[in-house]
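One structure is given below, encoded as structure tokens.
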Amino acid sequence: MEYNPREIEKKWKKYWDEHQVYQVTHQSDKPKYYVLDMFPYPSGAGLHVGHPLGYIASDIYARFMRHKGYNVLHPMGYDAFGLPAEQYAIQTGIHPATATTENIARYRAQLENIGFSYDWSRELKTCDPDYYRWTQWIFLQLFEHYYDQDADKAVPISELVARFERSGSFGVHAACTQPSAFSATEWKAMSPKAKDDVLMNYRLAYRQVTYVNWCEALGTVLANDEVKDGVSERGGHPVERKPMLQWLLRITAYAERLLRDLDTLEWSDSMKKMQSNWIGRSEGAQLFFPIEGSDKKLEIFTTRADTIFGATFMVLAPEHDWVKELTTTDNAESVNAYLKYTNARSDRERMAEKEITGVALGSHAINPFNGERIPIWISEYVLKDYGTGAIMAVPSDDDRDYKFAQYFGLPIVEIIDKSAFPDATRQDKVGVMINSDFLTGMQVPQAIEATLKRIEEMGIGKRQINYKLRDAIYSRQRYWGEPFPIIYDPEGVAHAMKVEDLPLELPELEDFQPSGGGKSPLARHEEWVDLPNGWRRETDTMPGFAGSSWYFLRYMDPHNDQAFASQDAINYWKDVDLYIGGTEHAVGHLMYARFWNKFLYDKGLVPVVEPFRKLVNQGMIQGVIEYLYLQKEKVDGASRFVSAELVEDHGDGFAKIPIHVEFVEDYGSPNSFINKKGIEQFIEWRPEFRNAIFECSQGVYQNGVFTSKNGGKDSRMVTVSEVGKMSKRYFNVINPDDVVEEYGADCFRLYEMFLGPLEQAKPWDTKGIDGVSKFLRKFWSLFFNEKGEWIVTDEAPSREELKTLHQCIKKIHDDLERFSLNTCVSGFMIATNELRRLNTSKRAILEPMTVLLAPFAPHLSEELWHRLGNSTTVVKAAFPQWSEEYLREDSVTYPVSINGKKRATVDLPVGMPVPEIETAALEMPEVKKWLEGLTVRKTIVVPGRMINIVAN
RNA sequence: GCCGAAGUGGCGGAACUGGUAGACGCGCUGGACUCAAAAUCCAGUGAUGGCAACAUCGUGUGGGUUCGAGUCCCACCUUCGGUACCA
């Protein structure tokens with residue numbers, strides 16, 4: 001019987017489907033285990049070979065846990081709203097829903113092709129009204145709650161209103177945008193609009209003016225990665241920062257808990273660190289600086305209050321509200337010019353900028369401690385959204401301030417003597433204070449404390465904890481997202497829609513071009529926007545992270561129409577035990593989802609404070625991008641491509657044109673090239689280049705004719721290979737279907753795992769897949785003779801065979817537990833080679849081997865399992881147990897090193913006492929030879945490991 | 001810029017806790033089978049020197065700790081991910 005993956009795989013997929021092998025319910029006595037893959041966005045390019053890496057790993061683990069007796073929830077669905085579908089709609093007129101449905105169908109088929117053990121009855125998509133009904137519902141809950149810092153949880157806003165009516169804002173400790181103080185009487189006297197404005201300060205979902213990247217020419221708001229060098233990536237139009245009234249989520253209210261609870265998670269340290277750095281908690285002081293000739297006081301935040309005597313200038317963010325009034329007439333021109341410059345730059349560009357820029361406003365602040373006048377500047381290195389958007393600059397003890405002061409010739413006053421710490425950096429909090437009045441002589445930590453105390457005594461500020469984390473902007477001026485269940489009365493006050501009226505469905509639209517003035521396309525749909533009573537709907541939609549912030553809960557009970565999920569289901573499944581996905585979600589999705597879960601926990605709707613217990617990050621499988629060099633200037637009206645080895649000076653004067661990787665030979669290697677056939681395929685693909693010149697080292701190809709230079713015949717055009725994202729735009733997407741078609745799904749699964757450690761990024765390459773394919777055939781052939789006849793016997797296995805089996809069980813089990821799936825595959829290969837050497841065909845060995853392999857190669861294992869005479873699925877078989885008895889070794893091969901260099905090896909019995917090992921080693925002739933003329937100083941023996949002799 | 005990760009043969013990688021560097025696989029070389037090829041099987045394969053035994057070097061670079069470093073520490077280089085509206 002030949003191993004025929006195509007036939008076998010088809011057969012067992014059908015069986016699993018018909019027998020609903022992977023369907024689970026929460027009505028079970030078994031312990032639960034929830035394995036989740038990060039939500040895919042169904043892109044138009046389809047699934048590429050990089051996506052399944054994590055899915056295969058999680059599938060293997062899910063299957064492993066089933067073998068171990070768990071009730072495993074392993075679902076899949078789609079993050080189906082998003083920008084790409086909308087852009088595609090703008091270009092083609094195809095409705096985003098249509099394109100998304102098609103993409104999902106394709107994803108589903110591709111996923112099914114790989115043999116995943118998903119419970120497809122739980123499949124969901126965020127653009128389904130039955131789903132986004134609950135996204136809208138959660139949003140309304142956020143809208144109707146505020147964060148009470150005394151209770152340290154979310155509380156209904158109605159309770160805040162009751163409090164205001166009772167005693168005004170007195171004694172309220174709540175997360176808010178702008179603190180305000182008013183009495184109960186004042187509150188009651190406020191207009192509905194004024195009350196709404198106050199409540200907006202507290203709501204967990206609230207409206208505020210924020211800045212967006214506005215592109216007038218495209219009439220739309222752009223994502224940061226659509227902006228390159230201050231212009232739109234598409235079309236190169238100018239982009240500016242535009243203020244806009246938008247919805248935000250008050251994630252900062254949860255900053256402390258998001259930080260604190262990281263400790264409880266089984267995530268990598270690097271992932272936790274990224275999250276904690278993103279939250280960016282810092283303890284310091286809020287401090288007010290009087291302004292010369294004004295009664296206003298400039299608020300700053302500093303973690304280094306101790307350095308106040310070294311503050312020689314102030315820096316404001318260019319968007320700071322006071323910039324205009326602090327600019328003197330003399331400086332107006334330069335300030336305006338500078339504002340014009342920064343207005344065209346994104347935050348990211350500003351942070352990455354090495355060049356030092358800035359301009360003085362002309363006015364001065366007064367140092368509250370020594371009364372000195374210090375000039376106020378603006379610079380792009382200070383960001384509006386961080387702290388108060390204003391800093392006191394201490395060039396002696398901050399790098400950026402130092403460079404700024406040097407560049408502009410501002411004074412630098414040394415205030416800390418760090419001579420006792422020669423390795424300390426400028427910002428290290430060490431040393432003794434000098435030139436600092438009452439602080440002089442103190443150690444830095446002591447000085448920080450003393451300054452804080454003094455600030456509070458003087459009433460010029462207070463201790464404050466600041467977070468880098470910012471509230472999440474929740475509005476998108478787009479069509480393809482969840483509509484906000486919000487209506488505005490004629491005063492502009494936002495009202496929640498009634499929960500019974502959800503979902504608020506996206507209305508049909510023909511044209512997806514943005515409406516003018518930064519409004520979403522929905523704004524044009526007047527019948528939908530304008531309600532009969534004169535009220536209007538919100539026309540923005542929710543961002544991509546809305547639907548993905550809670551989807552893990554919906555999988556627990558995906559068809560519920562009474563709640564986002566039943567309490568029964570939530571209390572059984574609780575949380576995700578294993579979450580696999582990429583590090584690109586480190587601070588976005590993972591932070592938002594934790595935030596939503598905590599909010600729902602505060603509401604008593606979920607039983608756990610953290611949604612994702614264990615997180616494993618799979619590395620990205622990258623693609624190779626192949627480019628041809630195209631000369632920027634045409635030659636006699638014709639485009640000219642030049643073989644890469646002929647291009648000098650880093651390709652100045654050339655553009656790199658991405659080329660379809662299928663045309664390229666030796667794809668991915670430094671010598672990758674396209675031959676004559678490749679050139680022809682390229683021309684057919686890009687007909688605008690049909691008359692182009694292709695210059696190779698040995699000749700020139702044009703219009704189907706190759707003209708040789710110096711008699712050479714080689715028409716290869718060397719391409720430039722770069723490792724990068726696998727993406728439609730680079731024409732380098734490799735479809736898993738093609739690999740499955742050629743080698744089978746089992747082989748594809750094993751090969752993806754065999755490529756290397758799960759966490760590591762690696763470029764896709766099919767070199768080596770033959771080895772895995774061979775292994776599967778070898779494994780199969782243990783069960784059959786050359787004639788294809790079944791040869792498995794019930795004979796008792798030998799000790800050697802048992803040892804191989806039990807070693808393999810232990811290895812697979814241990815490696816699975818630490819997600820070392822690549823070494824599992826090697827382990828299978830080693831065991832199979834060993835069993836072939838032993839001519840094993842005994843059921844007692846092969847049956848457990850089949851179960852071991854089942855998580856990795858489920859189709860093949862299922863086939864063999866049934867041929868072994870089992871009538872139920874291998875999916876439900878118990879995972880084999882290993883026994884130490886078979887693993888015991890009689891002797892150990894010790895490496896014998898002399899001065900740390902291995903010189904010989906020696907076999908010694910297990911359990912030999914250390915002195916005897918030493919003697920045995922010293923008596924070895926090889927050792928004696930090396931020790932000639934030397935004196936042995938020391939012998940180090942690690943029993944079972946190694947021997948090292950130190951001699952000189 | 002800032003935060004995080006990774007650099008080991010021709011290639012993907014192994015070495016889990018500081019203890020035999022290169023498991024396993026690809027590729028390559030030689031051999032068997034074959035009219036031949038494919039497939040399969042067997043042997044070899046880090047570099048340098050040597051007929052060989054063997055020796056020297058060798059885990060991005062430079063330093064350090066240690067009896068012993070791919071693994072720990074410091075500095076640097078390169079690549080990748082994120083950087084708040086791609087998902």
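Chain letters run A, B, ... following the sequence lines, proteins first and then strands; every chain starts at 1. Worth knowing before you read on, the calculation uses all heavy atoms, side chains too, and leaves out hydrogens, waters and symmetry mates.
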Output side-chain donor-acceptor pairs under 3.5 Å for residues 752-765 of chain A, partner residues at least two apart or in another chain, one line each.
unit_1, atom_1, unit_2, atom_2, d
A/E752, OE1, A/L53, N, 3.2
A/K762, NZ, A/P757, O, 2.6
A/K762, NZ, A/Q760, O, 3.2
A/D765, OD1, A/K767, N, 3.1

Anything under 3.5 Å between a donor and an acceptor, one on a side chain of residues 38-50 of chain A, the other on a protein residue two or more places apart or in another chain? List them.
unit_1, atom_1, unit_2, atom_2, d
A/Y41, OH, A/A85, N, 3.2
A/S43, OG, A/A45, N, 3.2
A/H48, ND1, A/G50, N, 2.8

Return all side-chain donor-acceptor pairs below 3.5 angstrom for residues 894-901 of chain A, not counting sequence neighbours, or 'none' if the list is empty.
unit_1, atom_1, unit_2, atom_2, d
A/Y894, OH, A/G944, N, 2.6
A/N899, OD1, A/A951, N, 3.0
A/N899, ND2, A/A951, O, 2.9

Quick one: the dot-bracket string of RNA chain B, using Watson-Crick and G-U wobble pairs with both distances under 3.5 Å, [ ] for crossing pairs and | for bases paired to another strand.
(((((((..(((......[....)))((((((.......))))))((((....))))..(((((..]....))))))))))))....
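Straight-line distance between the C1' atoms of B/G58 and B/A15: roughly 16 Å, to the nearest whole Å. On the P atoms, B/U8 is 15 Å away from B/C80, given to the nearest whole Å. Comparing the P positions of B/A75 and B/A52 gives a spacing of 47 Å, expressed to the nearest Å. For B/G9 and B/G70, the P atoms lie 14 Å apart once the distance is rounded to whole Å. Going from the C1' atom of B/C76 to that of B/G7 covers 14 Å, rounded to whole Å. B/G27 and B/G64: their P atoms are spaced 43 Å apart (whole Å). Taking atom C1' in both B/G10 and B/C2, the straight-line distance is 38 Å, to the nearest Å. Going from the P atom of B/A14 to that of B/A23 covers 13 Å, rounded to whole Å.
Residue A/K901 places at least one side-chain N or O closer than 4.0 Å to OP1 or OP2 of B/C57.
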Expected rows: protein N/O vs nucleotides 64-66 of chain B N/O, under 3.5 Å:
none

Under 3.5 Å, N/O pairs linking protein and nucleotides 20-24 of chain B:
unit_1, atom_1, unit_2, atom_2, d
B/A23, N1, A/S826, OG, 3.4

Pairs: protein N or O with nucleotides 72-79 of chain B N or O, under 3.5 Å:
none

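Using a 4.0 Å heavy-atom distance criterion, A/P757 is classed as a sugar-phosphate-only contact.
With A/Y386 as the aromatic partner, A/R470 does not meet the cation-pi criteria of under 6.0 angstrom to the ring centre and within 45 degrees of the ring axis. Under a cutoff of 6.0 Å and an axis angle of 45°, A/R594 and A/W278 do not form a cation-pi pair.
Annotation: A/K519, atom NZ; neighbour count of heavy atoms from other residues, nucleotides and ligands within 6.0 Å does not exceed 12.
The backbone N or O of A/I56 lies less than 3.5 Å from no partner atom in the side chain of A/R749, so there is not a single donor-acceptor pair. Side-chain atoms of A/D398 come within 3.5 Å of backbone atoms of A/D401 as a donor-acceptor pair (strictly under, hydrogens ignored). Side-chain atoms of A/T832 come within 3.5 Å of backbone N or O of A/F828 as a donor-acceptor pair. Side-chain N or O atoms of A/N617 include one that pairs as donor or acceptor with a backbone N or O of A/G581 at under 3.5 Å. Side chain of A/T539 to main chain of A/S520: no donor-acceptor pair is present (N/O by atom type, distance under 3.5 Å, no hydrogens or angles). Judged purely by atom type and a 3.5 angstrom limit, A/T804 has no side-chain atom pairing as donor or acceptor with the backbone of A/E834. No donor-acceptor pair closer than 3.5 Å links the side chain of A/E482 to the backbone N or O of A/T135.
Here the nucleotide nearest the side chain of A/R777, chosen from B/G4, B/G13, B/U40, is B/U40.
Within the structure, side-chain hydrogen bond (donor to acceptor under 3.5 Å, both in side chains) pairs that include any residue of residues 937-947 of chain A comprise A/R937-A/N952 (at least two apart or interchain). Screening residues 265-275 of chain A for salt bridge (charged side-chain N to carboxylate O under 4.0 Å, His left out) gives no qualifying pairs among residues at least two apart or on separate chains.
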What does nucleotides 81-87 of chain B look like as a protein-contact string, B for base, S for sugar-phosphate only, - for none, at under 4.0 angstrom between heavy atoms?
BSBBBBB
B/S/- along nucleotides 41-48 of chain B (protein heavy atoms under 4.0 Å) is S-------
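Side chains of A/S826 and A/T823: a donor-acceptor N/O pair is absent below 3.5 angstrom, by distance only.
Within the model, atoms OG1 of A/T252 and CZ of A/R250 stand 6.5 Å from one another, a figure rounded to the nearest 0.5 Å. Separation of atoms OG1 (A/T126) and CH2 (A/W550) is listed at 10.0 Å; rounding is to 0.5 Å.
Qualifying side chain to side chain contact (heavy atoms under 4.5 Å, CB included) partners for A/S549, counting only residues two or more places apart in sequence or in other chains: A/F545, A/Y592, A/W596.
Counting atom types as modelled, A/N277 pairs no side-chain N or O with a base atom of B/C3 as donor and acceptor under 3.5 Å.
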